[in-house]
Amino acid sequence: MREKIVFIDLLRCVAATAVVVIHVLGPYREMLGVLPDHAWITAVSYNSFSRWAVPVFIMITGALMLSDQRPFDLNYYLRRRLGKVLIPFIVWSVLYALLSGATGSGFQPELALSTLVAMPVHETYYHLGFFYYFIPLYLVIPFFQAWVKRADDTAVKGVTLVWMGLTTLFLFHMDGPWSAELVLYSGYLLLGYTMLRFSCPTRRWLLPLGIAALLLTDYMVISDSFAQGEYTVGRWLSYKTLNTVLIAAMVFAVCRYLADRLAEQTLSRLAFVSRYSLGIYLLHPLFLWPVRAFDWYPMHPAVMIPFWTVIAGGLALLMSWVLSRSRFTAWLVP
């Protein structure tokens, strides 16, 4: 149990940090030919090396919820599981819709209103797109929970392997019914559960495969972009492709390995940050808004991306902690 707790805390911390990195570097991606090549490559490499963050969050959910041996209680599930995510998502979506109307030249109410009206089908701010494919997974989780309790271990591993095959087809544009978002994202739930329960695939296999996938992803994005004269990623930066699966699985395995090798003081700090990881995810764009709106990137991306990641992530952590101190606002940062 100690391994599971520490391991998940470490995973949440690194995944939350990687998400902030992705959003800090956002403006750099479209600056091919504007920035010096070495600066643009640096920023895009940060992007390529961070794309595992969202899949890891889904894997954590699968690892914890599919391994839950308690009898399924629909009322508890709707209130404490789905509601804990859905209600803050709705409230923050409304708040970010208002923020979307704030521009460098002033507030544009018509923009905020149109963003709010489109909320049922489109995120009101860039980072909230995650919830549009994460929340539907709560429809799948109860069925997966029931199945893994009864299924043979070999069957669970086999289905996970088949899903990895589907992500390979998707990477190479071999589309079909298996390309549905719910299918491809649901597999991360099983992958997280399989890696937690069976430690499969093993770290010995995942480390070289994950590193190779990481380097290949970065190379393909950079080379294709230069070839076309504009930023282009194909499906290499998709969350639903085999390269991203291998990278996310490698991060999962490495964090599991490192968890029991950290000092107790480090573990307590990780637990604190982990407690507010969802709050960091929800809040950090508030602190990035002026950075992106006023182009506060005066130095090389190698410096500015880590700098603003620490500032925005740290302020989001602080604000999450402050909101959690009151029962009237704690539900906003579950």
Same apolar cluster (I L V M F W Y, side chains within < 4.5 Å links), [X]/[Y]:
X    : Y    : result
F134 : I8   : yes
L128 : L111 : no
I22  : Y185 : no
I135 : L95  : yes
Y46  : M299 : yes

Heavy-atom pair with the smallest gap, counting every atom of [X] and [Y]:
X    : Y    : answer
S238 : T244 : O-OG1, 2.7 Å
A18  : A53  : CB-CB, 3.5 Å
A43  : I305 : CA-CD1, 3.9 Å
V156 : A151 : CG2-CB, 3.9 Å
Y126 : P285 : OH-CB, 3.6 Å
K240 : T167 : O-CB, 3.5 Å

**Item:** side-chain contact (heavy atoms from CB on, under 4.5 Å) assessment of V251 paired with L11
**Value:** CA-CA 8 Å; V251 172; L11 270 177; 4.2 Å; yes
Hey, does the side chain of [X] reach the backbone of [Y] with a donor-acceptor pair shorter than 3.5 angstrom?
X    : Y    : value
W308 : W296 : yes
S48  : S45  : no
S320 : A316 : yes
W163 : L184 : yes
H122 : A118 : no
S274 : A271 : no
T168 : M164 : yes
R150 : A146 : yes

Counting C-beta onward and ignoring hydrogens, is there a side-chain heavy-atom pair between [X] and [Y] closer than 4.5 Å?
X    : Y    : value
W147 : L66  : no
Y132 : F89  : yes
T124 : W92  : no
V148 : L190 : yes
L64  : D68  : no
R51  : I247 : no
M319 : L315 : no
V85  : P334 : no

Atom [atom1] of [X] with >12 non-hydrogen neighbours under 6.0 angstrom:
X    : atom1 : answer
K149 : NZ    : yes
R80  : CZ    : no
E110 : CD    : yes
I87  : CD1   : no
R261 : CZ    : yes

**Prompt:** Distance only, no hydrogens: is a donor on one side chain within 3.5 Å (strictly under) of an acceptor on the other, for T194 and T160?
**Reply:** yes
**Message:** For Y276 and S324, which I'm curious about, is there any donor-acceptor pair between the side chains at under 3.5 Å?
**Reply:** yes
**Item:** Worked check of side-chain hydrogen bond (donor to acceptor under 3.5 Å, both in side chains) between R81 and Y77
**Value:** CA-CA 5 Å; R81 298 301 187 196; Y77 185 76; over 6 Å; no
Working to the nearest 0.5 angstrom, can you tell me the gap between [X] [atom1] and [Y] [atom2]?
X    : Y    : atom1 : atom2 : result
H173 : S179 : NE2   : OG    : 10.5 Å
L262 : L10  : CG    : CG    : 6.0 Å
L258 : T266 : CG    : OG1   : 11.5 Å
M195 : K157 : CE    : NZ    : 12.5 Å
L35  : W40  : CG    : CH2   : 10.0 Å
L32  : D37  : CG    : CG    : 7.0 Å

So, [X] versus [Y], ring centres under 6.0 angstrom or not?
X    : Y    : answer
F252 : F7   : yes
Y76  : F72  : no
F294 : W289 : yes
W52  : Y239 : no

**Verdict with reasoning, L137 to S186, per side-chain contact (heavy atoms from CB on, under 4.5 Å)** = CA-CA 6 Å; L137 296 179; S186 294; 3.5 Å; yes
For residues 220-230, which side-chain donor-acceptor pairs fall under 3.5 Å, sequence neighbours excluded?
residue	atom	partner	partner atom	Å
S223	OG	Y219	O	2.8
S223	OG	M220	O	3.3
S225	OG	V221	O	2.7
S225	OG	T232	N	3.0
S225	OG	T232	O	3.0

**Asked** Are H127 and H23 close enough, and set up right, to give a side-chain hydrogen bond (donor to acceptor under 3.5 Å, both in side chains), and what steps lead you there?
**Response** CA-CA 8 Å; H127 70 306; H23 295 152; 5.9 Å; no
**Prompt:** Can you check ring-ring contact (aromatic ring centres under 6.0 Å, His included) on Y188 and F57, steps first, answer last?
**Reply:** CA-CA 9 Å; Y188 280 112; F57 274 123; over 10 Å; no
**Request:** Determine, step by step, whether V291 and V24 satisfy the side-chain contact (heavy atoms from CB on, under 4.5 Å) criterion, reporting the C-alpha distance in whole Å, the side-chain angles of both residues, the deciding distance to 0.1 Å, and the verdict.
**Result:** CA-CA 8 Å; V291 177; V24 168; over 6 Å; no
**Asked** On the ring face of Y297, is R292 found with NZ or CZ under 6.0 Å from the centre and within 45° of the axis?
**Response** no
**Request:** Evaluate the side-chain contact (heavy atoms from CB on, under 4.5 Å) criterion for residues Y28 and N47: first the C-alpha distance (whole Å), next the side-chain angles of each, then the deciding distance (0.1 Å), finally the verdict.
**Result:** CA-CA 10 Å; Y28 286 114; N47 195 26; over 6 Å; no
**Prompt:** Is D9 paired with R275 through a side-chain N to carboxylate O contact shorter than 4.0 Å?
**Reply:** no
**R235/D175 salt bridge by N-O under 4.0 Å criterion** = yes
